[in-house]
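Here the structure comes first, spelled out in structure tokens, and everything after it is commentary.
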Amino acid sequence: MENCRVRFAPSPTGPLHIGGARSALFNYLIAKRFKGQFILRIEDTDVERSSRESEDNIFDSLRWLGLDWDEGPDIGGPYGPYRQMERLAIYKKYIQELIDKGLAYYCYCTEEELEEERQELIAKGEPPRYLGKCRELSPEQKEQFIQEGRKPVVRFRVPGNQEIVVNDLVRGKVVFESNGIGDYVILKSDGIPTYNFAVVIDDYLMKISHVIRAEEHLSNTPRQILIYEALGWETPTFAHVSLILGKDKSKMSKRHGATSVVQYKEQGYLPEAVVNFLALLGWAPEGEEEIFTMEELIEQFSLERVSKRPAVFDIDKLKWINGVYIRGCSNEEIRDLFIPVLQEAGHLPEKLSDRDYQWIQLVINGLQEKVHTLKEVLEHIDMFVGDQVELESEDLKKVLEEEQVPLVIETLKEKIKTVEELTPETVKTMLKEVSKETKQKGKKVFMPIRIAITGKMHGPELHSIIPALGKENVLKRIEKTVG
RNA sequence: GGCGCGUUGGAGAAGCGGCUUAACUCACCAGCCUUUCACGCUGGCAUUCACGGGUUCGAAUCCCGUACGCGUCACCA
């Protein structure tokens, strides 16, 4: 594959969607794999819905995922500009060329007329489409419409009785009939081109070799191919990746939960995990391994192993993958990840003291292996801080009423009071001594202690929790639960 | 409705005519490890590939039909 140039061309009408992120990733992987370029183009021709805010969100999300582009609106490149609204003059030229060649024409129909036509066709049981009313307008008629103040659109003249073949890298050969396509708008009445037109001009001018995008664009592809042909241009290679579905198998939407990349960031997912998960959405690795770094993905990814069937977004699998990455973090990495979460929740000050760092280390010891997302840390953090405890359920009282408990607790309290410093090591030996001196072992000693201190049956190791709390808090907690 | 795409266990997914008594992963269940949970390890989990026909010595794999799901038919991308 020589001169591989691929692009991700989102429209900035909202935060980067998880599906868009997957398209971007696939393009990125192909570009890196074949040592080509990954281009970012902003398709902002929907003036109503486009915003700079969304654009920034898209930039940020892509960068967060580690999908850096070689050419784009912010960094420029040899085929710019990379924002469609800045390319209006370019489109105008090609629109004119099509009009001059008689392959496109002005249409003065009003919305009402179009709607009427649509209703009539539906009433007759025919598929609604534009029938070409303005195809052969006389100069007089045109003049009259202009007098009336009508703003025309430009429509592409779709040739009849033609087979349009899309040779798709993931779907194979897909054939469409041109008769099923009505003359469609390529230039809106406000002088801005439509998607189906602008995308062709840009992909050609930007020398895009492979168009990798979501399946929802498959039905649009014949319209685009027609324009390539009208302009005498060679088409790029197409690859339509299936859609991402929610658990109920309908297209992934808000009601399935978080749909944008930022939301996953906010919920405490790691970019590496999201990338890994996204890669698995529609693509299947050859071997048994499912955990990949970006480098490994670049090495292994191929469009041949991208499935035709829709991919279902399985949040449980994302959580599992995220957990794998959290556990795989080095101590420094996980610390840098935990700190902002803890600070944001008010458990840590802006400026960290040595004591804070010691405490964080204990939290890491207790929770790194346990959580699937960074935010889950907050679900367990109460066990590491403060003198407040509450029994999780009434059932736990029974455990505290067992006969060996008073002795165990008394012995423990003594030890805590007399020990020089609470560290994981001193706590470990302390607990061993309590076990030995009270002649109790296993659950008989550890469960009451755990419940007395945390109010819960389960949680991180006691030798992480106890030093984190400190003598005073531990004793106060015990006081509250067992008196 | 027209056109297009898809349909393998609870979920994802491999499979490209015989090597499949259908990989692998998540989830689930059991056991082990462990002071609990988690982590980790071991084992279990589709007599069957939406359904009905056909082709073939042989089909999850090829063909046709049916059903279901989804996409698309915009002056949205």
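- One finds no side-chain N or O of A/Lys428 lying less than 4.0 angstrom from the OP1 or OP2 phosphate oxygen of B/rU35.
- Residue pairs meeting the salt bridge (charged side-chain N to carboxylate O under 4.0 Å, His left out) criterion with at least one member in residues 425-434 of chain A, sequence neighbours excluded, are A/Lys415-A/Glu433.
- Sorted by first then second residue, the salt bridge (charged side-chain N to carboxylate O under 4.0 Å, His left out) pairs that include residues 162-182 of chain A, not counting sequence neighbours, are A/Arg171-A/Glu215.
- Applying the salt bridge (charged side-chain N to carboxylate O under 4.0 Å, His left out) test to every pair with at least one member in residues 8-17 of chain A, sequence neighbours left out, gives no pairs at all.
- Between A/Arg150 and A/Glu113 there is a salt bridge, since at least one side-chain N of the basic residue sits less than 4.0 Å from a carboxylate O of the acidic one.
- Using a 4.0 Å cut-off on heavy atoms, the residues of residues 40-49 of chain A that approach RNA chain B are A/Glu43, A/Thr45, A/Asp46, A/Arg49, listed by number.
- For residues 184-196 of chain A, the pairs satisfying side chain to side chain donor-acceptor pair (under 3.5 Å) are A/Tyr195-A/Arg213, A/Tyr195-A/His217, with sequence neighbours left out.
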What N/O pairs connect the protein and nucleotides 25-27 of chain B at under 3.5 Å? Give each pair on its own line.
unit_1	atom_1	unit_2	atom_2	d
B/rU25	O4'	A/Glu290	OE1	3.3
B/rU25	O2'	A/Glu290	OE1	2.6
B/rU25	O2'	A/Lys317	NZ	3.1
B/rU25	O2	A/Lys317	NZ	3.3

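- For the pair A/Leu280 CG and B/rA13 P, the interatomic distance rounds to 10 Å; values are reported in whole Å.
- Residue A/Lys188 places at least one side-chain N or O under 4.0 Å from the OP1 or OP2 atom of B/rA77.
- The salt bridge (charged side-chain N to carboxylate O under 4.0 Å, His left out) test applied to A/Arg305 returns no partner, not counting sequence neighbours.
- In this entry the distance linking CD1 of A/Ile95 with P of B/rC75 reads 14 Å, nearest Å.
- Between A/Arg118 and the phosphate of B/rC73, there is no side-chain N or O to OP1/OP2 separation shorter than 4.0 Å.
- The side chain of A/Arg309 places an N or O atom within less than 4.0 Å of a non-bridging phosphate oxygen (OP1 or OP2) of B/rU7.
- Considering only residues two or more places apart in sequence or on other chains, A/Arg49 meets the salt bridge (charged side-chain N to carboxylate O under 4.0 Å, His left out) condition with A/Asp46.
- Under the salt bridge (charged side-chain N to carboxylate O under 4.0 Å, His left out) criterion, the residue pairs touching residues 442-455 of chain A are A/Glu402-A/Lys444, with sequence neighbours excluded.
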Applying the Watson-Crick and G-U criteria (both distances under 3.5 angstrom) with [ ] for crossing and | for other-strand pairs, one obtains for RNA chain B ((((((((.[[[..)..(.....]]].(((((.......))))).....[[[[[..)....]]]]])))))))....
Detail all sub-3.5 Å separations between protein N/O atoms and N/O atoms belonging to nucleotides 61-70 of chain B.
none

Donor-acceptor pairs are to be reported for all side-chain atoms of residues 394-401 of chain A against protein atoms at under 3.5 Å, with residues two or more places apart or in another chain.
unit_1	atom_1	unit_2	atom_2	d
A/Glu394	OE1	A/Lys397	NZ	3.3

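- Between the side chain of A/Asn322 and the backbone N or O of A/Gly268 there is at least one donor-acceptor pair closer than 3.5 Å.
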